[in-house]
Student: 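Quick one: structure below, then a few questions.
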Protein chains: 2
Amino acid sequence: MRTTNYLLATQKAIPKDADIISHQLMQRAGMIRKLSSGLYTWLPLGLSVLRKVEKIVREEMDNIGTMETLMPLVQPSNLWEETGRWDKFGPELLRISDRHNRSFVLGPTHEEIITDLVRNEISSYKRLPLSIYQIQTKFRDEIRPRFGVMRSREFVMKDAYSFHLSKSSLRDNYEKMYQAYCKIFDRIGLRYRAVLADSGNIGGSNSHEFHALADSGEDLIAFSNKSEFAANIEKADALLPKTKRKMASESLKMVYLPEVNDVDELAMEKKLSSSSFVKVIFVKASNVVGSNIVALVIRGDHQLNEVKAEKLPEVEFPIHYVDEKEIFELTGASIGAHGPVNLNIPYIVDYSASVISDFVAGANLDNNYYFGINWVRDAKIDRIADIRNVAEGDPSPCGQGKLSLKRGIEIGHIFELGDYYSKAMNANVLDKTGKNRTLEMGSYGIGCTRVVAAAIEQNHDEFGIIWPESIAPFNVAIIPINMHKSSSVQRATEMLYNTLASNNVEVLLDDRKERLGVMINDIELIGIPHILIISERNLKEGIVEYKNRLTGNKEKMQIENVISHFNCISSDKI
Amino acid sequence: MRTTNYLLATQKAIPKDADIISHQLMQRAGMIRKLSSGLYTWLPLGLSVLRKVEKIVREEMDNIGTMETLMPLVQPSNLWEETGRWDKFGPELLRISDRHNRSFVLGPTHEEIITDLVRNEISSYKRLPLSIYQIQTKFRDEIRPRFGVMRSREFVMKDAYSFHLSKSSLRDNYEKMYQAYCKIFDRIGLRYRAVLADSGNIGGSNSHEFHALADSGEDLIAFSNKSEFAANIEKADALLPKTKRKMASESLKMVYLPEVNDVDELAMEKKLSSSSFVKVIFVKASNVVGSNIVALVIRGDHQLNEVKAEKLPEVEFPIHYVDEKEIFELTGASIGAHGPVNLNIPYIVDYSASVISDFVAGANLDNNYYFGINWVRDAKIDRIADIRNVAEGDPSPCGQGKLSLKRGIEIGHIFELGDYYSKAMNANVLDKTGKNRTLEMGSYGIGCTRVVAAAIEQNHDEFGIIWPESIAPFNVAIIPINMHKSSSVQRATEMLYNTLASNNVEVLLDDRKERLGVMINDIELIGIPHILIISERNLKEGIVEYKNRLTGNKEKMQIENVISHFNCISSDKI
């Protein structure tokens, strides 16, 4: 490809709304253009990277015997009603009506569609297991689309679904998918981890996310320093501390501090260690006798884990915080002034908060605080649970080592759904004995468009993108100096370009009438791994200059060695 | 691929709603499944054909320097308001609202999106011409989706757009696209014709449709028997007859026929030749002084051409028929009882109706008819126009030969749009002299999903589909007889399967425990071009049976010749 025939759309300005580096670079390199909030056009440069990601995904799906299909984006509402997700799914599910006023959704995922297909198509165990995928456009009406294609509304996803007679067959396929995902991300060249995950609104039991590690990631992941354990912080258990509660050594004492409005200010003012006080969070209750609100008590240095909390039987799902006014009416105190002593609302105490002694909390009266609180003596403690995020240094729930936290970008997610959908939709087959059996089901996604952005988050420098070999839009760039003036440069350039191209090396020839600096800047911005610079001076010695985009190393290369050099690179490509 | 690992979903029953053969066969062969009206899932067999069509389209687009992009399906309404199509486009344009109540459409085509991109991206003539395409999901909310994927609501289209400084550059690109379309349809192996077409609601001037010829086609195409002329009947000009009107030989006479309700009944009753009477059609007028209705007068044997009629300045666009009640109130007569004599509504006479003499028509009084009508003497004739469909045997508008009519399926459409969109959206560039110039634009579509159905309409027999080599889901099927009982059959089958597969022949091995008849029926239904049948008896002589799906010819083939036979086929593939 020649740049003069190509929609090279590089730009210097950093777009105003691009707050992470991948979004900035995708815009600046001319990979994408924003059409509207969360809607992007993929320009040729971006699309060629996306297609390479898709190709790798497709090959590994085919390798494990998963079959490609293509399902509609527009899905009838009645299937979503069958599974209950028409009501349960939030407003990310875009509900639309056609000209006959029939209801549809723009598919954010396809569990209902594939389950409907399979229940109609498969009636015997002989056709199982069955594993199907598609690479297709999805739509999720994000409330706040951000980070470019990382959290866009329209995006390309590989979604696979498998159907089984038994849980063990499902487990086998889950394991095959897990391995295929590792191969895919290895081939793409990402630094990633598979981590235990919550199943969210997809449903089911066992689930792993695949995260590309990057500081810009929206997720926090907890790792053990002594084992393979890794989990999304949503899912990582905080263990009940093994240390017993110490005996009370202080007496309970209420202090009036007119200048101090909440426990956080108190901790600052009194230089309390954050683990020596507790805070109280009020949420809507579910199944709690005599109260439609329940209080959650956690240590001052901890953060509430909403996913854990909303799974408790006493807490409404999804979690719903009580507003300030209602709290004041019920307790007579403002947010931040509460504590367990004399609290007139049922409460649940986090494991870690349940083992401290002589601690501090609000007195349920504005600007008043209790010091020297001790459980049992001063406040009952009849309901404890794990409701906080794990923190750096916590013991790993696997029993080995301590946890450390890193940020990750979710690029894949696999689910053992079990019979969640097949039961709701009556997807059954006859087994060997002629008995009707509900199908076991798995679901497996990869965000193809997001993978592209994640690769940039991991591979860039101050000059631009540095593509991994496997998904680079071009392998080699040729930059001729004064090609339009020097016939020897032109001859050598054309010869190299044609020879490389005919050896299946993907080459971009920058044949614009631009200064060397401009060309180098553009080529480095768009991240082509290998750069050849052709000058009249070097040609006199039969030499071209080679620059490696990743290492920045430059070397002189005999022109006749160039082909064999890149033939190797090309065949090395996984 | 082995059938036991494949989602082979053949069925005997013809689906109730499938009224054309391609829809029936796509369903029966397990290529597609209906999700909802006009929404289909593509099963693996169907998708592999679709992907081959897409690949051929992609290669030929790349060959003429068109660059691939991917634009969003969901498009903001404001761009459609800029071009006026938000109001003008009918209810096929599905208008939707997001969670913030902003308006969008599901894209039926992408002129607005690409013009917006180009006006933002391209500011100088130096970047022109620019030609961009995508292969992408489209949505049109058809009022009556039918014929399976032929007229579905969600479908895959290749849409390309080009931008130019001059009309001649646009014309050059139009010609390149025309040639590329021919290559594409040649490679796919379709019997097709490029025909002059109306531009419809896409706008612009010059336009060609590409039609796959098939009796089930929804379009009628007129061909000259003496030249290359071909046009959609919507667009084919009916010439003003060169014959002069004959002198009047009869006098005007009104006849009361109480049993005869309209001119068609009259023609039957009196055995009139259909070319000796005229009929009148009432439509809403536009720019007609003193009347909001205009009458269209055509010969009894002719059909109104709505596209021609609604282009007349006197006729409202889009055409709007006047209802019976309103006609009766205005004229005092029912539909079918009208004629030009004493008609109190302005009328336009079709060319062919304008040259007849001594003709018959309604008397604008129920059950009364005029015989011996002659223009000028009995009815004024001051406005004539071409408002009818051409008919079999009409002179070709090219001046050579006569027209014959055939049915076609529209599989491609190219448009010289000119400045229709770029003007409305202010898409300008600076030319060499620094002057602002409005871009010239072209638009070029291929219905990829429809091409698959059209190929089946052209290639099938009573046993099923017969795929053209280039888009067959598999090239070769191997059917072993009693593979599960005979070790020699099993050995030979596996050897052949592996050897062909490793020679890049796409093979489907039917390894089910099924009777030979069942396997043959399925393989012939799904249309694999080449079939190898392996039996113990033939193997003893080192022979396999080869059957050609198209010709039905069978031959015995030495097993060692099979590979070279299919290697040739494979390399013959365009």
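Proteins get letters first, then strands, A, B, ... in listed order; numbering begins at 1 in each.
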Student: Is a salt bridge present between A:R99 and B:E142, judged by a nitrogen-to-oxygen distance below 4.0 Å?
Tutor: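 Judged by the 4.0 Å cut-off on N to carboxylate O distance, A:R99 and B:E142 do not form a salt bridge.
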
Student: Can you name the one residue among B:D116, B:I113, B:I114 that meets side-chain contact (heavy atoms from CB on, under 4.5 Å) with A:T41?
Tutor: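 One option only clears the test, and that one is B:I113.
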
Student: Using heavy-atom distances under 4.5 Å, tell me whether A:S36 contacts chain B through its side chain, its backbone, both, or neither.
Tutor: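 When you check distances to chain B, only side chain atoms of A:S36 fall under 4.5 Å.
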
Student: How close do B:E68 and A:L47 get, heavy atom to heavy atom, and via which atoms?
Tutor: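 Taking every non-hydrogen atom into account, CG-CD2, 3.3 Å.
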
Student: Does CZ in B:R102 sit with more than 12 non-hydrogen atoms of other residues, nucleotides or ligands closer than 6.0 Å?
Tutor: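 Yes.
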
Student: Looking at B:N5, B:L8, B:I32, B:L73, which one has more heavy-atom pairs under 4.5 Å with chain A than the rest?
Tutor: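 Option with the greatest count: B:L73.
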
Student: Does A:I132 reach the side chain of B:L43, with side-chain heavy atoms less than 4.5 Å apart?
Tutor: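 Sidechains of B:L43 and A:I132: no contact.
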
Student: State, with a plain yes or no, whether a side-chain heavy atom of A:Q136 is found less than 4.5 Å away from one of B:T137.
Tutor: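 No; the side chains remain at least 4.5 Å from each other.
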
Student: Of the non-hydrogen atoms in A:L70 and B:L50, which two are nearest, and what is the gap between them?
Tutor: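 Scanning both residues, the minimum pair turns out to be CD2-CD2, 4.3 Å.
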
Student: Taking the side chain as everything from C-beta on, heavy atoms only, tell me whether B:L35 gets closer than 4.5 Å to A:M71.
Tutor: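 A side-chain contact under 4.5 Å is absent here.
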
Student: Taking the side chain as everything from C-beta on, heavy atoms only, tell me whether A:R33 gets closer than 4.5 Å to B:L117.
Tutor: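 Of all side-chain heavy-atom pairs linking B:L117 with A:R33, at least one is under 4.5 Å.
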
Student: Please examine the side chains of B:L106 and A:I96, heavy atoms only from C-beta on, and report whether any two atoms are closer than 4.5 Å.
Tutor: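 With C-beta onward as the side chain, the pair touches.
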
Student: Which heavy atom of A:L94 sits nearest to which heavy atom of B:S97, and what is that distance?
Tutor: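 Closest pair (atom of A:L94, atom of B:S97, distance): CD1-O, 3.4 Å.
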
Student: Going by residue number, which parts of residues 148-155 of chain A are within reach of chain B, meaning a heavy-atom gap below 4.5 Å?
Tutor: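 Within residues 148-155 of chain A, the residues under 4.5 Å from chain B are A:R153, A:E154.
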
Student: Would you name the heavy atoms of B:F104 and A:L39 that are closest together and state the gap between them?
Tutor: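 Reported closest heavy-atom pair: CE2-CD1, 3.8 Å.
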
Student: Report, in residue-number order, which members of residues 121-130 of chain A are under 4.5 Å from chain B by heavy-atom distance.
Tutor: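 Result: A:E121, A:I122, A:R127, A:L130.
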
